[in-house]
Amino acid sequence: MALTLRSSISFINVKENRRLKTRDDFSSIVSFAQTKSSCQLQAKNSVHEAAPFSLLQGREKETREKLHELVAPHSHNGLTVPVFVMLPLDTISIGGNLNKARAMYASLIALKRAGVEGVMVDVWWGLVEKDGPMKYNWEGYAELLKMVQKLGLKIQVVMSFHQCGGNVGDSCSIPLPPWVLEEMSNNPDIVYTDKSGRRNPEYISLGCDSLPVLKGRTPIQVYADYMRSFRERFNHFLGDVIVEVQVGLGPCGELRYPSYPESNGTWRFPGIGEFQCYDKYMRASLAATAVAIGKTDWGLGGPHDAGQYNQFPEDTGFFQRDGTWNTAYGDFFLEWYSGKLVDHGDKILSAAQGIFAGTGAILSGKVAGIHWHYKTRSHAAELTAGYYNTRNRDGYLLIAQMLSNHKVVLNFTCMEMRDGEQPDRALCSPEGLVRQVKMATKSAGTQLAGENALERYDSGAYSQVLATSRADSGNGLAAFTFLRMNKRLFEADNWSNFDGFVKSMSEGGRTTTRLSESDTSRKNLYVGFIKDHNVNKNKNVNEAVLL
């Protein structure tokens, strides 16, 4: 992520080896932020089944199944960039139900009238499989999908195999399933570990991808079983309502290492972060790789001179201008570290491709927008996250090629950021980073989709997204997902800007109409009863929601 609001970190003290967690304990771990209502929302609460698919749709779906191949990625005419909106993190409750169904229904109506294509929702592993291995509860998501279908919207679902909670903007805490936490307690090395021995339980270490460390199954098998169960439960929605499955690939759902954990002040922007290769499985892999090339001493551990989380590149021996990163040893280590990450993505996406082939839903994978220290030679913050991208090497082309091999769309963040908004000392260049990724996806022949990294509603951010959505430098955007649906989005000024942005994106970012700095039309937004669900789509939205 690029300082997104979806990440979630909390550390397990390496000395603590208590068993985590019983089902009773789990209820105390997962807590949802409560929002107090100042008035009653009276939108309709009933959600009806949508009409059956037409005969034509059924035949098209059967044809895709027979061909057993994924549908082409986001197809658009070059003039339209569909806009999706992320739903709240706590859309599904700890009990597995749809949270605040009436407010959700009213919100979706407003989004539909604004012209959005659909919404995105995290399908949390920690909620769905919390009752035990292969005991899945999809009912809350089924209710949401029926609602989305009824309103004629589309949905992107995220197979969220990471922990949620712990950062600014997170409205809930959802750890990994309790039976997984128990395995972590029994074997702490199945989670990422830094050089100080701190364990990070946000995501299972890729070092044990192919080892049966989760009650007899490998992590890749567990993820595949989860996705297969999802397909079986929602096969009749796939390709028609569920248009995209974003496959979780790491912390915050992104293909990266948890090199910049924000929890407990471990990392602060714009620190370089730390390598996460010190669990026993990663150590064994590094040692074996070094032995294979006759450099046994290179496999004894990560770089000794890579510094600490909150240092700057020039404070270290490894990342400074002519540091160890630019030596034969540095190249060996970074090739191994980044290669493990790409291989991890390849394994999960191979499984996902087999599971979702023929459904009509496209696949996507998310890559983090790590823009700080981008203007330095070493790109230190990217290196610790697993992206071997330096002044001398394009680290995103290999990732884009791997995604392209599986016909997977690359989803990238920080589309709204400008270089001039960043602190000089951090040597940031989100614009340069986005340009590089646009060119990498074009060269690899895979499509590019985008998100904003931070919660912003100003016209400047929207204008930047419009600019980066164009294909004048590398790939244009095939789709854009806005972070996030909440009360602030429906405030008058914010809604006016968002409404104008969606209309501009419908013209592929080529509109000549300038987004207003404020809401001069004073649209009548309020929380209240929706009197007529059949209002003309072109009328102003007059319902906001209390989320």
Step by step, work out the side chain to side chain contact (heavy atoms under 4.5 Å, CB included) result for Val409 and Leu363.
CA-CA 6 Å; Val409 176; Leu363 296 180; over 6 Å; no
Heavy-atom side-chain proximity of [X] to [Y] below 4.5 angstrom:
X	Y	result
Met184	Leu176	yes
Leu181	Ser185	no
Met485	Met104	yes
Asp189	Arg199	yes
Met147	Leu98	yes
Val434	Met415	yes
Asn99	Ile92	no
Met402	Asp343	no

Say you draw a straight line from [atom1] of [X] to [atom2] of [Y]; how long is it, rounded to the nearest 0.5 Å?
X	Y	atom1	atom2	result
Phe237	Lys146	CZ	NZ	7.0 Å
Thr481	Gln246	OG1	CD	7.5 Å
Asn235	Phe356	CG	CZ	10.0 Å
His371	Met417	NE2	CE	4.0 Å
Leu145	Trp138	CG	CH2	10.5 Å
Ile190	Leu214	CD1	CG	5.5 Å

Determine the minimum heavy-atom distance between [X] and [Y], stating which atoms define it.
X	Y	value
Arg256	Ala368	CD-CB, 3.8 Å
Asp346	Ser350	O-OG, 2.7 Å
Gly207	Leu211	O-CD1, 4.4 Å
Leu477	Ala449	CD2-C, 4.0 Å
Phe161	Gly248	CD1-O, 3.6 Å
Leu238	Ala361	CD2-CB, 3.9 Å

Looking at [X] and [Y], would you say the former's side chain and the latter's main chain have a donor-acceptor pair under 3.5 Å?
X	Y	answer
Thr91	Pro88	yes
Ser229	Asp225	no
Thr446	Val408	yes
Asp209	His344	no
Arg484	Leu87	yes
Lys366	Leu410	no
Glu416	Ala453	yes
Ser496	Ala492	no
His162	Glu202	no
Thr218	Gln221	yes

Is there a salt bridge (charged side-chain N to carboxylate O under 4.0 Å, His left out) between Lys215 and Glu129 once you walk through the steps?
CA-CA 14 Å; Lys215 296 192 181 299; Glu129 202 176 352; over 6 Å; no
Taking the six-membered ring for Trp, are the ring centroids of Phe480 and Phe501 within less than 6.0 Å of each other?
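Yes, the ring centres sit under 6.0 Å apart.
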Is it the case that the ring center of Tyr141 lies less than 6.0 angstrom away from the ring center of Trp124?
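No, ring centres 6.0 Å or more apart.
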Between Asn411 and Ser364, is a side-chain hydrogen bond (donor to acceptor under 3.5 Å, both in side chains) present by the stated rule, with each step listed?
CA-CA 6 Å; Asn411 184 279; Ser364 68; 5.5 Å; no
Are Arg233 and Glu139 within salt-bridge range, i.e. N to O under 4.0 Å?
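A salt bridge links Arg233 with Glu139.
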Begin from the C-alpha positions of Tyr257 and Asn200 and carry the test side-chain hydrogen bond (donor to acceptor under 3.5 Å, both in side chains) through to its verdict.
CA-CA 10 Å; Tyr257 294 97; Asn200 188 324; over 6 Å; no
Parallel, tilted or perpendicular: rings of Trp495 and Phe498 (30°, 60°):
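Geometry flag for Trp495 against Phe498: tilted rings.
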So Tyr223 and Tyr203, would you call those rings parallel, tilted or perpendicular, with 30° and 60° as cut-offs?
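Rings of Tyr223 and Tyr203: parallel, as their planes differ by under 30°.
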Go through the steps to decide whether Leu349 and Leu249 satisfy the test side chain to side chain contact (heavy atoms under 4.5 Å, CB included), and finish with yes or no.
CA-CA 9 Å; Leu349 291 174; Leu249 300 172; 4.2 Å; yes
Leu206 and Leu341: side chain to side chain contact (heavy atoms under 4.5 Å, CB included), yes or no, with the steps?
CA-CA 7 Å; Leu206 61 80; Leu341 187 67; 3.9 Å; yes
Leu89 and Asp122: CA distance, side-chain angles, deciding distance, side chain to side chain contact (heavy atoms under 4.5 Å, CB included) verdict:
CA-CA 7 Å; Leu89 293 169; Asp122 287 280; 3.7 Å; yes
